[in-house]
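Worksheet for the structure shown next.
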Amino acid sequence: MHKNKQVLRHCPNFYKIVNFEYCMDDKLSEKLLDVYQEFVFKADLTKKSEVAKLEQLDLVLSKYIDDYIFRKELATEMKRIRIRKDEDILMAIVNWIIKVFDNYEEGYTRNIYFSRWI
């Protein structure tokens with residue numbers, strides 16, 4: 001019970017992410033939510049590096065839910081992921097998701113999007 005409260009303190013978007021309703025044929029969203037839940041409950045909250053990754057992943061998946069353009073970007077980038085045999089699969093996926101988000105934020109802030117009103 002105590003760990004659950006700590007997780008909620010570090011993941012303010014936990015319920016928003018876990019309760020996200022996606023289409024039945026959207027396998028990427030299903031897998032991302034599985035990765036999120038597995039990482040949240042597997043993370044060692046005594047290590048600052050894992051807590052930082054947990055907070056970043058929470059922010060990234062919240063952005064995934066809210067931003068359609070980022071959702072498309074992550075879908076295309078997840079096809080390029082490569083994991084070596086000696087790597088921890090879960091940590092490699094989390095690192096890749098965070099890397100894609102960082103690259104998206106860099107590119108998005110450099111581009112100015114004008115919307116057209118019809």
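All heavy atoms count here, side chains included; hydrogens, waters and symmetry mates do not. Remember, predicted model here, so these are calculated numbers, not experimental data.
- The stretch residues 70-92 participates, sequence neighbours left out, in these ring-ring contact (aromatic ring centres under 6.0 Å, His included) pairs: Phe70-Phe101, Phe70-Tyr104.
- Residues that satisfy the side chain to side chain donor-acceptor pair (under 3.5 Å) test with Glu87, not counting sequence neighbours, are absent from this structure.
- When the salt bridge (charged side-chain N to carboxylate O under 4.0 Å, His left out) test is applied to Arg82, no partner is found at least two apart in sequence or on another chain.
- Listed by first and then second residue, the salt bridge (Lys or Arg N to Asp or Glu O under 4.0 Å) pairs involving residues 22-34 are Lys27-Glu30 (not counting sequence neighbours).
- Looking at residues two or more places apart in sequence or on another chain, you find a side chain to side chain donor-acceptor pair (under 3.5 Å) between Asp58 and Asn13, Tyr36.
- When all heavy atoms of Lys42 and Glu50 are compared, the pair lying nearest together is O-OE1, 4.5 Å.
- Residues forming a salt bridge (charged side-chain N to carboxylate O under 4.0 Å, His left out) with Lys79 (at least two apart in sequence, or on another chain): none.
- Legend: residues meeting side chain to side chain donor-acceptor pair (under 3.5 Å) with Asp86, ordered by chain and number and at least two apart, are Arg84.
- A continuous path of hydrophobic side-chain contacts links Leu57 to Phe41 [ILVMFWY only; heavy atoms under 4.5 Å].
- When the salt bridge (charged side-chain N to carboxylate O under 4.0 Å, His left out) test is applied to Asp44, no partner is found at least two apart in sequence or on another chain.
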Which side-chain N or O atoms in residues 92-100 pair as donor and acceptor under 3.5 Å with protein atoms at least two apart or in another chain?
| unit_1 | atom_1 | unit_2 | atom_2 | d |
| --- | --- | --- | --- | --- |
| Asn95 | OD1 | Lys53 | NZ | 2.8 |
| Asn95 | ND2 | Met91 | O | 3.2 |
| Trp96 | NE1 | Glu77 | O | 3.1 |

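- Residues meeting the salt bridge (charged side-chain N to carboxylate O under 4.0 Å, His left out) test with Asp66, sequence neighbours left out: Lys16.
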